[in-house]
Amino acid sequence: MKKIPATDFDLALTLASGQAFHWVADRSAGGNGYLGVIGEQPVRLEQKGDLLVFATPGREAPIRNYFALDHPMAEIYASFPDDPILQEACRGCRGMRILRQPKWECLATFITSSMKQVTHISQMSHAIRGKFGSPVSFGEDLLYAYPSPERLAAATEEELRDCKLGYRAKNLLGTARMIAEGIVDLEAIANMDDDAARAELCRLPGVGEKVANCALLFAYERLRSFPIDVWIERVLRERYFSRKRKVTVKRLKDFCADHFGPYGGYAQQYLFHHARTS
DNA sequence: CTCCAGGTTCCGG
DNA sequence: CCGGAACATGGA
């Protein structure tokens with residue numbers, strides 16, 4: 001068994017926080033582990049105290065990278081504004097990391113996320129992987145990598161609708177095609193500043209400001225990105241702007257961009273999780 | 001049955 | 001810039 005030190009890290013909390021949607025709990029061997037795929041590599045992980053335990057050799061670097069074990073958590077927490085609403089959310093979110101996911105997989109998954117509950121997003125992710133992804137075996141279990149843009153570009157809208165995507169099928173297909181044709185280069189976006197990167201992502205069908213911000217936050221390590229979904233908007237209006245009438249979305253965006261600071265994405269994720277679980 | 005979910009896009013003020 | 005409406009699906 002290999003072990004990676006992981007302080008200020010909570011595996012279960014991180015995987016339950018609505019960033020990645022394909023990990024499954026694995027109780028085999030009386031454990032409390034998780035089975036999933038990092039890129040093309042199958043992994044079984046289990047947290048024991050401040051250690052991340054796994055069996056497969058050569059997985060340490062991808063695991064450390066995916067779970068962003070290098071994030072400066074003390075600095076991040078110290079950067080948060082001293083506001084009671086965020087501090088309350090932080091209490092239940094200690095150890096939750098913003099992941100560093102593969103870019104295409106993250107973007108594609110969030111294209112399917114619009115107007116869907118987290119459990120539905122998970123179902124669609126597994127359906128897409130099972131239907132189009134490369135199988136990778138892990139012991140007795142068969143897992144699936146997320147299919148490449150080229151593979152999905154070769155699919156039909158009907159096949160994608162069979163994965164319960166509904167109207168999202170057209171968007172995912174259109175985006176896969178644009179990327180497969182090189183019209184948008186997801187790797188090149190990594191070298192752009194936040195605004196340029198967001199604008200470039202928004203050229204893709206089904207990608208608006210919210211989905212772009214999710215990709216920037218969960219895959220491009222832009223920790224200032226602050227996706228505003230229905231949950232966050234509710235928190236903002238009910239807690240931060242209570243007793244104020246007619247608050248426009250632009251007002252909310254401007255407030256968030258300033259108030260939550262350089263690691264606003266972390267603050268956003270904690271507020272999101274707290275709102276969703278209480 | 002009704003309500004709602006990690007939205008985007010298009011259209012008329 | 002702002003508010004409305006259409007767009008699919010399934011769990012609560």
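Excluded from the calculations below are hydrogen atoms, water molecules and symmetry mates; all remaining heavy atoms, backbone and side chain alike, are included. Numbered from 1 within each chain, the chains take letters A, B, ... in sequence-line order.
In this structure, A:Met124 places its CE atom 12 Å from C1' of B:dG7, rounding to the nearest Å. Taking atom CD1 of residue A:Ile121 and atom P of nucleotide B:dC4, one finds them 18 Å apart after rounding to whole Å.
Near DNA chain B, meaning a heavy atom under 4.0 Å away, the residues from residues 219-234 of chain A are A:Pro227, A:Asp229, A:Val230, A:Trp231, A:Ile232, A:Arg234. Annotation: proximity of residues 244-264 of chain A to DNA chain C (heavy atom, distance under 4.0 Å) is found for A:Thr248, A:Lys250, numbered in ascending order.
Note on ring orientation: taking the six-membered ring where Trp is involved, the planes of A:Tyr270 and A:Tyr77 are tilted (angle from 30° to 60°).
Scanning DNA chain C 5' to 3' for nucleotides with an atom closer than 4.0 angstrom to a non-hydrogen atom of chain A gives a first and last hit of C:dC2 to C:dG11.
Between A:Asp254 and A:Lys250 there is a salt bridge, since at least one side-chain N of the basic residue sits less than 4.0 Å from a carboxylate O of the acidic one.
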All N/O pairs under 3.5 Å across the protein-nucleotides 8-10 of chain B interface:
residue	atom	partner	partner atom	Å
B:dT8	OP1	A:Gly208	N	2.8
B:dT8	OP1	A:Gly208	O	3.1
B:dT8	OP1	A:Lys210	N	3.4
B:dT8	OP1	A:Val211	N	2.9
B:dT8	OP2	A:Lys210	N	3.4
B:dT9	OP1	A:Gly206	N	3.3

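At a threshold of 4.0 angstrom between heavy atoms, the contacts of A:Ser17 include nucleobase atoms, whether or not backbone atoms are also involved. Nucleic acid contact class of A:Arg161 (heavy atoms, under 4.0 Å, all strands): sugar-phosphate only.
Counting only residues at least two apart or on different chains, the salt bridge (Lys or Arg N to Asp or Glu O under 4.0 Å) pairs with a member in residues 120-136 of chain A are A:Glu105-A:Arg129.
Of the two residues contacting DNA chain C, namely A:Thr119 and A:Met115, the nearest-nucleotide position lying further toward the 5' end is that of A:Met115.
By the 4.5 Å side-chain criterion applied to Ile, Leu, Val, Met, Phe, Trp and Tyr, A:Tyr167 is assigned to a cluster that also includes A:Met115.
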